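Following: one structure in structure tokens, then a few remarks.
Along the sequence shown, the residues carry numbers beginning at 1. Any value given below was found using the heavy atoms of this structure, including those in side chains, with hydrogens, waters and symmetry copies removed. The structure presented is a predicted model; accordingly, all values stated were derived computationally and were not measured. We count ligands from 1, going down the list as the structure has it; atoms in each ligand are counted the same way.
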Amino acid sequence: MAKPKQIIRPEDITSCESTQQMIRKARKDGVELFFDRAEDVKPCPIGADSACCKHCSMGPCRMNPSDPYKRVGVCGATVDTIVARNFGRMVAAGTAAHTDHGMAMLDLFRGVIEGTVTDFEIKDHMKLFEVAQSLDIETQDREIKEVAIDVYKELEKTYTQVDGEIPLVKRVPKKTLETWRKEGIVPRGAMREIMEMMHRTAMGVDQDYENITKQISRTALADGWGGSMVSTDISDILFGTPSPVEVTVDMGVLKEDMVNIIVHGHEPILLEAMMISADAPSLKKMATDAGAKGINLVGMCCSGLDVLSRHGIPHAGNFSSTEAALVTGAVDAMTVDVQCIKQDLHKVAGCYDTVFITTNYRAKIEGALHIDLDEHDPMKCTDEIIIKAVMRYKNRNLPIEIPRVTAKGVHGFSHEYIKYMLGGSFRGGYEPLNDNIINGRIRGVAGVVGCTNPRSKQDFSHVELVKELIKNDILVVQTGCSQMALAKAGLTTPGAASMAGPGLAEVCETVGIPPILGLGACVDNSRILMAVSEMVHTGGLGDSIADLPVAGCAPEWMSEKAIAIGQYFVASGVFTVFGHTFPITQETRFQELLFSGLEKKGFGKWGFGSTPEEMARLMIEHIDKKRKELGIDKARERVLMDMSDRRSLAANE
Ligand code: NFS
Ligand code: SF4
């Protein structure tokens, strides 16, 4: 007799209360979610260790993960070659995703400059001029349009240049750039690097894992300092650089008496256009005529984070909650563009009569309604989406259950704003941050970013890790689904300083900021690169990014994009820890190179932790090691001593 299937408790699947509630509802409704499939579809143990190759039809060839050097592929490829090639292709895919997204932003920018796109404009002139100056483009006494054309031409090289160095490396700290030049890994143009990565990892080409690793770094750097950074800069120029804004998050942002539209995906243009449509008097009237109180636009995943940072649009949740939001039955339309969109959203939407629409020609879903968003007339698409959503509202006939869970928090930090908030408008700069790191109030800075994954309890590692870090006086910067995990947990408020260590709490209270700063979508990890570069340029903390007391982590990652991000942080000099799984065969020379060899060459390195405590420990140890190398470890001991003296004085008073 078949063993009865074990039912896992929702509270063991996710820390997110609203998602737990919706898992229960889905079970009652007989609707399958990806959490269920994560149980049914066990990961292939050989694939999980990346110990197989299917790059040609002499294979697929499986290695022996428990004795990795016992076997080679039919062509003779060793396990090091195989794992390095697989890793390289993940980086190429992740880089392609971010750079193609950046390319779409550049297309839009070009349309705006040429006047073929008329619904958007250059909104942030100051950012345009700053970007221009960082590229050595003359701005003095020049028209906006002239500068914009030059910025466009220069940034296009990020993609198309076949030789030389991508333009944004002008922002990289000198010593870091020297390390790259020495190693021969300064990216030329993203298209070239991705192409070469794919070529070199094909059957019978590059079969030296160290040489492959150089191209892995070069490709990833074309993402971080290329495609992703272009995407952030252009989005800021067109839609405005974010500044702190209070936002409501979690599934309770859906409203039973409104037309609810969720926008999920990655390119900000869809939600920006939706905002314009949702504001059109005729469409608003259509919604109220249908008996609704209005149109309720809500974001999810990175699209949501973009408009949450810029406009304070409410956010319903991260990657693991996208199906769950549909289970509420309250979503009248869900509209998606590219990346991280599960194919079964279409099916789940069907179970609840939600209109599910794809909008990007690159990303269609079989059977789903496609309404193409053309940047030359974006509202044609978004108006139609709203009309369809209103129709669905009018014909609602299924019971609705919206979790009554919301949290408020402050988001929308940028490296520019960090500069301003620390120094005030007259003496904006990173000196106060560096000073507080040097004097030991702040122990270091950590970037906690990345996805959620049904194979890891949703949000749990993000929240526990960040709590541990701030408790240890480490200032945390965040992006992506991780930022949303902390937002839902209510920790992105200035009040969260009470959970921070005494030094960090003091700084946060003085400046009036949370100890956890949300910087936006995953492409906005480029803001973290800019922030760490500013820390180096400001001085006192070494000459390269690798000298800084900083660390990064993606505790619940799932996407190839996360691997590309991890690698560009490592190549830039940051110790980067991943959680729950890592696509590598243990005890191979490739692993040794990634986890320690790279650091000896002046880069960062990878780390792995299976629990949030272990990840925190690795990060804190690294930060302390860097403090010691900088000779600032004693200052922290003094400051902590002072604080405990002050506290015992206060207690005796
Ligand atoms: Ni980043 Fe954003 Fe989320 Fe992961 Fe996907 S939405 S780009 S890849 S899952 S953080
Ligand atoms: Fe096997 Fe080599 Fe072909 Fe890979 S490239 S499948 S290791 S024969």
Closest to atom 3 (Fe) of ligand 2 among protein heavy atoms sits C56 SG, 2.3 Å

To check your reading of the model: name the closest protein heavy atom to atom 4 (Fe) of ligand 2, its residue, and the distance in Å. C53 SG, 2.3 Å

Over 60° means perpendicular and under 30° means parallel, so classify the ring planes of W606 and F582, tilted if in between. perpendicular

To the nearest 0.5 Å, what is the distance between CG on D36 and CG on D344? 10.0 Å

Where do S66 and P68 come nearest, in terms of heavy atoms and distance? C-CD, 3.7 Å

Would you compute the distance between atom CD of Q591 and atom CD1 of I584 and round it to the nearest 0.5 angstrom? 5.5 Å

What residue among H98, H101, H266 forms side chain to side chain donor-acceptor pair (under 3.5 Å) with S231? H101

Can you pull out the closest protein heavy atom to atom 5 (S) of ligand 2? Residue, atom name and distance to 0.1 Å, please. M203 CG, 3.5 Å

Would you call R85 a ligand 2 contact, heavy-atom distance under 4.0 Å? yes

The protein heavy atom nearest to atom 1 (Ni) of ligand 1 is C522 SG, 2.2 Å

Does this structure show an ion pair linking K467 with E464, if we count only N-O contacts that are shorter than 4.0 Å? yes

Please write down residue, atom name and distance for the protein heavy atom closest to atom 7 (S) of ligand 1. H266 NE2, 2.8 Å

Mind checking whether Y209 and F87 have ring centres under 6.0 Å apart? no

Which residue holds the protein heavy atom closest to atom 5 (Fe) of ligand 1, what is that atom called, and what is the gap in Å? C340 SG, 2.3 Å

Would the number of heavy atoms belonging to other residues, nucleotides or ligands and lying under 6.0 Å from CZ of R455 be above 12? yes

Which of the atoms of ligand 1 are close to F319, meaning less than 4.0 Å from one of its heavy atoms? 9 (S)

A quick test of your reading: do over 12 heavy atoms of other residues, nucleotides or ligands sit less than 6.0 Å from NZ of K347? no

Atom 2 (Fe) of ligand 1: closest protein heavy atom, distance to 0.1 Å, is C302 SG, 2.2 Å

With a 3.5 Å cut-off and no angle check, do the side chains of Q567 and D223 form a donor-acceptor pair? no

Using 2.8 Å as a strict upper limit, say whether an N, O or S atom of C61 approaches atom 2 (Fe) of ligand 2 that closely. no

Between C451 and ligand 1, which part of the residue brings a heavy atom under 4.0 Å of the ligand: side chain, backbone, both or neither? both

State if G450 counts as touching ligand 1 under the rule of any non-hydrogen atom under 4.0 Å. yes

Can you name the atoms of ligand 1, numbered from 1 with element, that are less than 4.0 Å from a heavy atom of M558? 9 (S)

Counting backbone and side-chain atoms alike, is an N, O or S atom of C481 positioned under 2.8 Å from atom 4 (Fe) of ligand 1? no

Report, in ascending order of atom number, the atoms of ligand 2 lying under 4.0 Å from any heavy atom of G59. 6 (S)

Selected option - heavy-atom contact closest to atom 8 (S) of ligand 2, from A202, G76, C75: C75

Over 12 foreign heavy atoms within 6.0 Å of NZ, K54: no

Below 4.0 Å from any atom of ligand 1, is there a heavy atom belonging to Q339? no

By number and element, which atoms of ligand 1 are closer than 4.0 Å to a non-hydrogen atom of C301? 6 (S)

Is it true that R527 and D236 make a salt bridge, defined as a side-chain N closer than 4.0 Å to a carboxylate O? yes

Taking only heavy atoms of M58, which atoms of ligand 2 are found under 4.0 Å from at least one of them? 8 (S)

